[in-house]
Amino acid sequence: MHHNDMCMLYLRCSSAAIHLDDFEGALKYLEIALNHFIEFNQVMKMPQMPQFTAPLVSKAKAGNCISEIFALDRKLVEDHMQDLPADCADAIRNNPRYATIFAE
């Protein structure tokens, strides 16, 4: 749940790492963001919202929770990748794990 928010937060971490010339860190954060993007898309395709499983919130009802902070779409990911060196961005785009993101 809230994978879109986590995706955006990790994209921001990746941006910070880029500005610090830490491209290895930027890629690490970007991959975490992309994994949340994939999870978000899978949840959105479900016929009903899944139940929370973390012990702290397992009794909460998904329908009663606050909506997402960020609206997530592929353009945000693409815009972020413009700040990466071309070889890093190409490595992400050509990774089969993320093919569904960039094929849309």
Side-chain angles (χ1 to χ4, degrees):
M1 193 66 177
H2 298 293
H3 287 290
N4 56 335
D5 298 336
M6 294 304 296
C7 177
M8 290 302 299
L9 291 172
Y10 276 102
L11 283 176
R12 290 176 191 249
C13 289
S14 181
S15 290
I18 289 169
H19 292 296
L20 294 171
D21 294 327
D22 177 10
F23 296 113
E24 184 177 321
L27 284 175
K28 178 183 81 169
Y29 293 128
L30 179 59
E31 287 185 345
I32 294 169
L34 294 176
N35 289 329
H36 280 289
F37 189 101
I38 290 168
E39 290 294 324
F40 171 74
N41 284 333
Q42 289 175 347
V43 168
M44 295 307 295
K45 292 176 185 173
M46 292 181 170
Q48 65 182 24
M49 294 303 287
Q51 178 65 36
F52 293 113
T53 56
L56 184 62
V57 293
S58 63
K59 303 291 185 209
K61 303 287 185 220
N64 296 333
C65 295
I66 298 171
S67 63
E68 294 80 13
I69 297 169
F70 298 109
L72 183 62
D73 65 16
R74 186 182 73 123
K75 184 174 179 346
L76 291 170
V77 174
E78 285 285 354
D79 288 348
H80 171 76
M81 291 180 59
Q82 299 300 314
D83 293 335
L84 287 170
D87 58 331
C88 294
D90 289 342
I92 291 291
R93 283 188 192 97
N94 295 326
N95 185 328
R97 172 148 176 77
Y98 308 120
T100 59
I101 295 171
F102 301 107
E104 294 177 8

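What you are looking at is a predicted structure, and each value in this text was computed from that prediction instead of being measured.
Between L34 atom CG and T100 atom OG1 the span is 9.5 Å, to the nearest 0.5 Å. In this structure, CD1 in I18 is found 11.5 Å from SG in C13, a value given to the nearest 0.5 Å. Distance check: L27 CG to I92 CD1 gives 5.5 Å after rounding to the nearest 0.5 Å. Note that CG of L84 and OG of S14 are 5.5 Å apart. Values are rounded to the nearest 0.5 Å.
You'll find the side chain of I32 stays beyond 4.5 Å of the side chain of M6, heavy atoms only. The side-chain heavy atoms of H80 and M8, taken from C-beta on, include no pair separated by under 4.5 Å. For the pair Y10/L30, no side-chain contact is recorded, criterion being any heavy-atom separation below 4.5 Å from C-beta on. Contact check for E31 versus Y98: side-chain heavy atoms found under the 4.5 Å cut-off.
Counting only distance, with no hydrogens or angles, the side chain of N95 and the backbone of A91 share no donor-acceptor pair below 3.5 Å.
Heavy-atom minimum distance, R97 versus I38: O-CD1, 3.4 Å. Pairing each heavy atom of A33 with each of C7, the nearest pair is O-SG, 3.2 Å. Residues A17 and Y29 come closest through the heavy atom pair CB-CD1, 4.3 Å.
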